[in-house]
Amino acid sequence: MPPVTPIDLSDDQIHRYARHLILDPIGEDGQARLLAARVLMIGAGGLGAPVLQYLAAAGVGHLTIVDDDHVDLANLQRQVIHRTADVGRAKVESAADAVRALNPDVAITTVAERFGPANAARLVNAADIIVDGSDNFATRYLTNDAAWLARKPLVAAALLRFEGQLFVMRPDTDPPSPCYRCAFPEPPPPGAIPRCEEAGILASLPGVLGTLQATEVLKIVLGLGASPAGAMLLYDGLRSDMRRMTYRRRAACALCGDRPTIRDLSAHDG
């Protein structure tokens, strides 16, 4: 994270962030870091909802929300940032209104586009931390590659039925962590893993994984705790179980290996 200039908090901010200010590892310097942070949120759906709400509540100063979808009635079972009255609206606008209502300190940029090769580098380079709340493998691999090439931390999650996984990548550390391709070199064949609308999803599951994502983002901004980078956290909601699958950087990885073949995002064109 870039260095942060100390700021004088207003009386309202001192009151709003009081529970942070009394935490010794955070205090006013940590809150200043949060207020200066720029986070890119890819997706304003099930995962994006709790991530955006908790980052806004914590005082993360700038959130960029990227999503090309509109609110559908079927979304409301789990995408808790949207309301019934928002059905038909662009998700980025509905989510932005919810964030503004929660915390007016937060500056919001909305991008009503699909995150893709044409805009990925520009959006990633403008952020300090990338959060992936997408629901498809094409976006997941693109986000991984764009974050690695820009040397930006990535906090990603995925969901299906009653299970979820959390992945953190730190290409900005020395040594850098493994990337997503080190664990899964190639995406599965089309149709091999059903999407949410085909397989279903427990309503509260995005809240579990999205809150974990928000926690990891705050830890990165504040420089606190241990990072799960280099491991995949696997959550089973039916068993109430969290397991850790560790893996190492692959020397043959196409992105972060000894002789990478992915040097830009052109591999994702089309």
Side-chain angles (χ1 to χ4, degrees), residues 1-44 46-66 79-82 92 95-110 124 126-133 147 152-157 164 166-170 172-173 177 204 206-229 231 233 235 242:
M1 295 292 297
V4 175
T5 303
I7 61 172
D8 291 325
L9 299 177
S10 68
D11 290 345
D12 282 348
Q13 287 175 322
I14 290 172
H15 195 180
R16 178 184 290 271
Y17 306 121
R19 301 307 186 273
H20 272 175
L21 300 179
I22 60 175
L23 283 172
D24 288 339
I26 302 180
E28 290 194 17
D29 289 346
Q31 193 61 52
R33 286 186 171 276
L34 292 171
L35 289 165
R38 304 177 67 87
V39 174
L40 171 64
M41 181 72 237
I42 300 169
L47 291 166
V51 172
L52 290 167
Q53 288 170 320
Y54 274 104
L55 294 187
V60 169
H62 193 284
L63 298 172
T64 296
I65 311 170
V66 185
Q79 299 181 17
V80 295
I81 203 167
H82 309 297
V92 292
D97 283 350
V99 169
R100 292 187 187 102
L102 178 61
N103 189 350
D105 284 350
V106 180
I108 306 162
T109 299
T110 58
V124 166
D128 300 319
I129 301 172
I130 318 305
V131 186
D132 182 8
K152 299 294 178 73
L154 169 65
V155 181
L166 177 76
F167 163 76
V168 176
M169 181 177 69
R170 295 300 305 270
D172 57 321
T173 58
S177 73
S204 58
V208 176
L209 274 297
T211 303
L212 288 173
Q213 283 182 283
T215 300
E216 293 304 321
V217 171
L218 296 178
K219 286 167 57 182
I220 292 171
V221 174
L222 295 167
L224 297 179
S227 171
L233 300 183
Y235 174 74
M242 180 79 80

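If you read the sequence from its start, that first residue is 1, and numbering goes on from there.
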Name all residues meeting the side-chain contact (heavy atoms from CB on, under 4.5 Å) criterion together with [X]; count only those two or more places apart in sequence or in a different chain, and write none if there are none.
| X | value |
| --- | --- |
| Ala56 | Leu63, Val99, Leu102, Val106 |
| Pro104 | Arg16 |
| Thr109 | His62, Thr64, Val111 |
| Asp97 | Arg89, Arg100 |

When rounded to the nearest 0.5 angstrom, what distance separates [atom1] in [X] from [atom2] in [Y]?
| X | Y | atom1 | atom2 | value |
| --- | --- | --- | --- | --- |
| Asn103 | Ile108 | CG | CD1 | 9.0 Å |
| Lys152 | Arg38 | NZ | CZ | 9.5 Å |
| Leu35 | Arg33 | CG | CZ | 12.5 Å |

Considering non-hydrogen atoms only, spot the tightest contact between [X] and [Y] and give its length.
| X | Y | result |
| --- | --- | --- |
| Ala127 | Leu40 | CB-CB, 3.7 Å |
| Leu9 | Gln13 | CA-OE1, 3.5 Å |
| Leu224 | Pro25 | CD2-CB, 3.5 Å |
| Val60 | Ala37 | CG1-O, 3.9 Å |
| Gly46 | Pro206 | O-CB, 3.2 Å |
| Leu154 | Ala147 | CB-CB, 4.0 Å |

Is Thr173 reaching over with its side chain to a backbone N or O of Arg170, donor-acceptor style, under 3.5 angstrom?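 Looks like yes, one N/O pair under 3.5 Å.
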Sidechain-backbone polar pair: His82 side chain, Ala44 backbone, donor-acceptor under 3.5 Å: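 Yes, because the side chain of His82 sits within donor-acceptor range (under 3.5 Å) of the backbone of Ala44.
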Where do Val39 and Leu55 land on the side chain to side chain contact (heavy atoms under 4.5 Å, CB included) test, with the steps shown first? CA-CA 9 Å; Val39 174; Leu55 294 187; 3.9 Å; yes
With a 4.5 Å heavy-atom cut-off, do [X] and [Y] have their side chains touching?
| X | Y | result |
| --- | --- | --- |
| Val66 | Met41 | no |
| Leu166 | Tyr235 | no |
| Leu52 | Ile65 | yes |
| Met169 | Val155 | no |

Are Leu218 and Thr215 close enough, and set up right, to give a side chain to side chain contact (heavy atoms under 4.5 Å, CB included), and what steps lead you there? CA-CA 5 Å; Leu218 296 178; Thr215 300; 5.8 Å; no
Before giving the answer on side chain to side chain contact (heavy atoms under 4.5 Å, CB included), spell out for Val131 and Val217 the whole-Å C-alpha distance, their side-chain angles and the decisive distance to 0.1 Å. CA-CA 8 Å; Val131 186; Val217 171; 3.6 Å; yes
What residues, two or more places apart in sequence or in another chain, satisfy side-chain hydrogen bond (donor to acceptor under 3.5 Å, both in side chains) together with Gln31?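 Per chain and number, Gln31 pairs via side-chain hydrogen bond (donor to acceptor under 3.5 Å, both in side chains) with His20.
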Non-neighbouring partners of Ser227 that pass side-chain hydrogen bond (donor to acceptor under 3.5 Å, both in side chains), sequence neighbours left out: none
Going through the checks in order, is the side chain to side chain contact (heavy atoms under 4.5 Å, CB included) test met by Ile26 and Leu21? CA-CA 6 Å; Ile26 302 180; Leu21 300 179; 5.9 Å; no
Between Asp105 and Tyr17, does any side-chain donor sit less than 3.5 Å from a side-chain acceptor? yes
